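A short write-up of the structure that comes next.
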Amino acid sequence: MEQENGKRLVIGVIGADVHAVGIRILEFAFRQAGFQVTNLGVMVSQEEFIGAALETGADAIVVSSLYGHGELDCRGLRDKCDEAGLEGILLYVGGNIVVGKQDFNDVEKRFHEMGFDRVFPPGTTPEQAIECLNKDLGVG
Amino acid sequence: MEQENGKRLVIGVIGADVHAVGIRILEFAFRQAGFQVTNLGVMVSQEEFIGAALETGADAIVVSSLYGHGELDCRGLRDKCDEAGLEGILLYVGGNIVVGKQDFNDVEKRFHEMGFDRVFPPGTTPEQAIECLNKDLGVG
Amino acid sequence: MDQLKNKKWTRDQLESVRKEVLTQWPTGKDVDLEEAFAYHQQLPRHKIFSEKLNKAHEQGKTLVQPRAGVPLIQDMIHLLTYLQDVGEADLLPTTIDSYTRQNRYQEAEMGITESARTQKAMLNGFPAVNHGVSGCRQLIDALDTPLQVRHGTPDARLLTEIAYAGGYTSYEGGGISYNIPYAKNVPLETTLRDWQYVDRLTGLYEEAGCPINREPYGPLTGTLVPPFVSHSVAIIESILAAEQGVKNITVGYGQCGNLVQDVAAIQVLQSLTDEYLRKFGYGDVKVTTVLHQWMGGFPQEESKAYAVISWGSAVAALAHATKVIVKTPHEAVGVPTQEANAAGMLCTRQIINMLGEQSLNTYSLKDEKVIIASETRCVLDRCLELGKDDMAQGAILAIRSGVLDIPFAPSRYNAGKMLPARDNDGAIRLFHTGNIPLTPELIDFHREKMEERAKYENRQASFQMVIDDVYAISKGRLVGRPKV
Amino acid sequence: MDQLKNKKWTRDQLESVRKEVLTQWPTGKDVDLEEAFAYHQQLPRHKIFSEKLNKAHEQGKTLVQPRAGVPLIQDMIHLLTYLQDVGEADLLPTTIDSYTRQNRYQEAEMGITESARTQKAMLNGFPAVNHGVSGCRQLIDALDTPLQVRHGTPDARLLTEIAYAGGYTSYEGGGISYNIPYAKNVPLETTLRDWQYVDRLTGLYEEAGCPINREPYGPLTGTLVPPFVSHSVAIIESILAAEQGVKNITVGYGQCGNLVQDVAAIQVLQSLTDEYLRKFGYGDVKVTTVLHQWMGGFPQEESKAYAVISWGSAVAALAHATKVIVKTPHEAVGVPTQEANAAGMLCTRQIINMLGEQSLNTYSLKDEKVIIASETRCVLDRCLELGKDDMAQGAILAIRSGVLDIPFAPSRYNAGKMLPARDNDGAIRLFHTGNIPLTPELIDFHREKMEERAKYENRQASFQMVIDDVYAISKGRLVGRPKV
Ligand code: B12
Ligand code: B12
């Protein structure tokens, strides 16, 4: 395992989504890369993400959504963060975040407009996510 | 087997093409359908087609081409037929007559312009061919 | 409430719960059992799921069934017609959306509205409860193929009422298989009870002469599930269903990837389910089998996805499973288009037809069958012991203690102490046995298999090995070898 | 000319024929043997075909090779680079066009001109003779993967000279396998002699330290060829090649469709070729195997084509063939695009990687191996008898008399008295044995297999049954059952 890098992540699978495998692997990989990880598991509400971020003083919220309802589930998360005093917190989303095979440029645009800092397509590897986190959080 | 219908066909695979299976099955099916068939087999030149048609008094020449060189091999066949006194003889071509997966409408047009009465795409069944022959030769 | 027992509900028991269930959403009030029986009785035989399954079973044929669900009724009719006519489906599905699965009908309603407005599917399936009895019947009437509801709903009571009254003749799910892989916080006792309701309702239809096929959900988490684990769940759920009067059961299994293990698994699943049902006095239940093509992560590349689809089809054909559930070349990316869905089916059909007349009869097949059957017996017999001969109680205690343990499950009621990994030939074995009550010989067998692989790969068996196996098929192989 | 014998040519014999061969087309004059040896000697090891094959053979791996050829050099480089980089080819091909195959270099020239003018491929392959030694070397230099010439040329002497001098390290074909399925009017004695030339030339390169792999063409007409027929041809051609000094041989087999027959066939092909070569004193030859994915008519629909491709890949993997030749989803329609070609390869790779670690070990596999080996021995031993212990003469007399008989062959030198058809499990058997010298027990075996099917289908075995089998895979099944 790498040295701890002092950065804290809250991760989880949003909404009514029960896909449990990917998030477990992300947790493992993020820890290996030196992050402190709070893994909320599956079926996480926006409120739970925010509560955990406040509680742990998180630097980023990493939202996973596999089952297709990501667009409905993620709406308003940025506003709620702002209201809760998490202005500017890094927001990632990834997985299979919309229903069906859609042009990813469109999808990315819609999620950017919803306030996510980065949007990842299906099949993103943990390594790619870690590279972005390191860059955005000024690690390494 | 059907009753003989009195119509004569010359069939064969044109050019340097050795695909021997389809033509053997066409021969069998055409005979079953009542035609008198002269099967020249594979690797048949334009001259051989015309010679056999003259000799047997054929009503139609059925050209098969599988290997992709059909376009080069078939050029000028209609003119040679005319010169040999086979004006207006029914000319069919079918198989995999061009190289690669091409838009069949284009292909059909090119072969129509070369003087073929009917042009058949890959996978044409003997039944479809027989239906056209019956119609064009006024059988049954 | 009384302690849960594996005992047939009385009509009164059922009715007292039904009253409440049917008010959970306005469409519940349209359910009228007698009228529903009448609707079922007038269905032509070719629309009845069990009829088609049992016929295929007799003939040794494998039927092809896709998954599919979109939010709006007209789109759904269009989609299913396409899968029936172009995809040549033998059996049709109705996949339910994830809000309905969580009884969040309000959100489902929003999804319907949004989908109608944006002309884009905003739900990942068909919200059958919201569309109600008449909505379902529009589908049944429009199609010439038997339909099944496929979902993943822990509390499916209202959905069942509406689906059955709506004319569905087959229904997937069970108290374990639709809880542990599909929920986080629902106690097992609750779902087992709610599925007794579903099964008793199914029994009522059977008693009224309306056959309804029930399918315990075989693949569970779809991720490195050893055959004996899913077999144990399938047999427990079959016993519980049979007690409530269910007469037609299809037990399922998700392809693991090793040919011998997979063919052995399907064959043992059929014989062992038959055996246990007979043993418990349910010998009149008709059992058929379903193979699910690879249920874990798929490769993104479509031509590779076709390879995975074909290999699953080959297993179904060589094992002579009664039906096969088909994946699509879009699997890794998202809910498939109708064209991608039909493509998966045609590919499957080609394999089934080419291989359906061949059989596998290998030296190792018999060994593998003995192994899977022994493992399953270890778990089932301990369940009964724990439950003092009651399978319902046994199941609860077995899951709690990890006697029955489902890998990668989201439920906090699952022990998660057992860890699976592949052996050197790609068969799924146990890397940590956790609390699974295997005999010492079986434990040795698993250990040896894992050691053989570890040695070959020149590394210790570890969680990294499991992760490598989770990724393997999506990265183009079966065994997750270390990078070199 | 002397009567043909299976006897190594002297250098003088070769040179006297070479003089004439090298003048058949202007590019022939650029061939300089010593300079060519030097070119080969500087090739890095990873560009040498035999090296890669032998390594895979040792490791029990299956390599993936596509077919591909377009008329123009730049396009060909582009295409092969794509197949190497995107398709992940282990081995690369150069498929030669049909005019070159018939030594019609003038027409090939026209095809090149026309293709350049219309920017459309007017030839179905790469006209290597017209492009000459330097043209070939452009390909070899541009690519990082070993290349092989694949063709179907009865008289391939000039093509071989140019290809070898051009740097190719593998070469397909043989005196029987590139005559009977690929020509109409060429006497067998002529092609056997011309292929002795090819093999002797190969021997010269081997003696100069430049290994060149030779591959007798396995699938023949690709249409219902029973394994023992193609095995007999492969072994005869291997013996003839070995006598001329060939040291690296890959024997081939076209998938039949029945799993057990196919796996047995590949395994017997390896062991029997080794055995016969040893018996005749060529024990130093390295033998590897190749499985060709289904070589008969393909389904038009691409998703069905993927199923056929996957099934062929499964056979190659389970039999551990040294390499597999890949079909594409465009097969039924025409020469594939580079994308379709790569798609076929990625699909194949996925299966190979998923299955390569599994093996088949069935009760019936051993039986099938005994059957195929016995049949092949019947034919080969009679060949030797006919040829008074000379395999070259034996082959000529065997083909003439139908002792060795290739179904659906265009050549008028082939007897065509034997008719194959599938048995009830889809294995290819004999419906008419013609003059094949099988033992009475084997003849009974085939008769019983055909009777079993005829009875099952409630019809007489007839030519219609054979036709149904010819169509079967392209219509979505393996056994051509009568319409009901
Ligand atoms: C296994 C599986 C299941 C299992 C899940 C078991 C469990 N509880 O975990 C079961 C069978 C229960 C299941 C159920 C369903 N599933 Co599902 N499932 C899959 C499948 C096959 C694999 C998922 C998986 O485990 N992959 C392996 C892990 C390691 O990869 P991963 O999950 O993709 O995660 C990795 C990356 O994506 C990335 N990542 C993930 N999130 C994030 C976030 C960020 C910020 C970043 C940077 C990276 C990142 O890192 C992870 C680790 O490498 C996928 C399709 C596929 N991918 O092949 C479908 C899939 C996700 N499921 C789907 C659907 C629709 C469902 C169901 C609604 C219906 C159904 N088909 O049964 C239900 C939903 C239930 C619910 N309420 O959530 C769809 C989603 C469709 C869409 N988005 O358009 C998919 C894509 C299949 C499909 N094509 O239809 N499923
Ligand atoms: C078997 C086969 C071979 C065998 C042939 C054995 C033999 N001597 O017969 C072998 C291996 C030797 C071979 C060689 C070659 N082949 Co080849 N072969 C095939 C294959 C797989 C099946 C052909 C077949 O027998 N089909 C079964 C019969 C019953 O069907 P059919 O031939 O299509 O004929 C039916 C119909 O098309 C129709 N029909 C045919 N002609 C006509 C004419 C009319 C007027 C009508 C109405 C109907 C009609 O009726 C027939 C009976 O139902 C096809 C691809 C496919 N179709 O899957 C490629 C294919 C025809 N071959 C092809 C090629 C390129 C070659 C080679 C040049 C190179 C190579 N790949 O090795 C050489 C050519 C040699 C030469 N000089 O001709 C290409 C042609 C490409 C193109 N047109 O773009 C194809 C399409 C494969 C591909 N996609 O690349 N081949």
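First the proteins, then the strands, lettered A, B, ... as listed; each starts at 1. Because the structure is predicted, anything quoted here is derived from the model rather than measured.
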Worksheet item: Is it true that a side-chain atom of C:Gln350 and a backbone atom of D:Tyr306 form a donor plus acceptor pair closer than 3.5 Å?
Response: no
Discussion item. Test side chain to side chain contact (heavy atoms under 4.5 Å, CB included) on D:Gln358 and C:Asn258; report intermediate values, then the result.
Written reply: CA-CA 7 Å; D:Gln358 304 181 36; C:Asn258 174 287; 3.9 Å; yes
Worksheet item: Which residue pairs satisfy the salt bridge (Lys or Arg N to Asp or Glu O under 4.0 Å) criterion with at least one member in residues 320-338 of chain D, sequence neighbours excluded?
Response: D:Glu215-D:Lys323, D:Lys327-D:Glu331
Discussion item. At a 4.5 Å cut-off on heavy atoms, which part of C:Ile309 comes close to chain D: side chain, backbone, both, or neither?
Written reply: neither
Worksheet item: For chain C, which residues from residues 450-458 of chain D have at least one heavy atom closer than 4.5 Å to it?
Response: none
Response to the item:
Closest heavy-atom pair, C:Leu346 versus D:Ser303, reported as atoms and distance to 0.1 Å, is CB-OG, 3.6 Å
Worksheet item: Of the backbone (N, CA, C, O) and the side chain (C-beta and beyond), which part of C:Pro329 lies under 4.5 Å from a heavy atom of chain D, both, or neither?
Response: neither
Fill in: chain D contact via C:Ala343 - which portion, at a heavy-atom distance below 4.5 Å
both
Fill in: Top contributor to chain C interface from D:Leu259, D:Asp425, D:Val479, D:Leu355 [non-hydrogen pairs under 4.5 Å]
D:Leu355
Practice prompt. Looking only at non-hydrogen atoms, find the nearest pair between C:Ala307 and D:Ser310 and report the distance.
Written response: CA-OG, 3.6 Å
Worksheet, complete the sentence: Here the gap from D:Met345 atom CE to C:Lys304 atom NZ, rounded to the nearest 0.5 Å, amounts to 11.5 Å
Worksheet item: Do you know which of D:Leu318, D:Ile351, D:Val260, D:Thr348 has the most heavy-atom pairs under 4.5 Å to chain C?
Response: D:Ile351
Worksheet item: Where on C:Ile473 is there a heavy atom nearer than 4.5 Å to chain D: the side chain, the backbone, both, or neither?
Response: both
Worksheet item: Side chains of D:Met354 and C:Val308: closer than 4.5 Å at any heavy-atom pair?
Response: yes
Worksheet item: Just how far is it from atom CH2 of C:Trp311 to atom SG of D:Cys347, taken to the nearest 0.5 Å?
Response: 12.5 Å
Response to the item:
If one checks every heavy atom of C:Arg481 against chain D at 4.5 Å, the contacting part turns out to be side chain
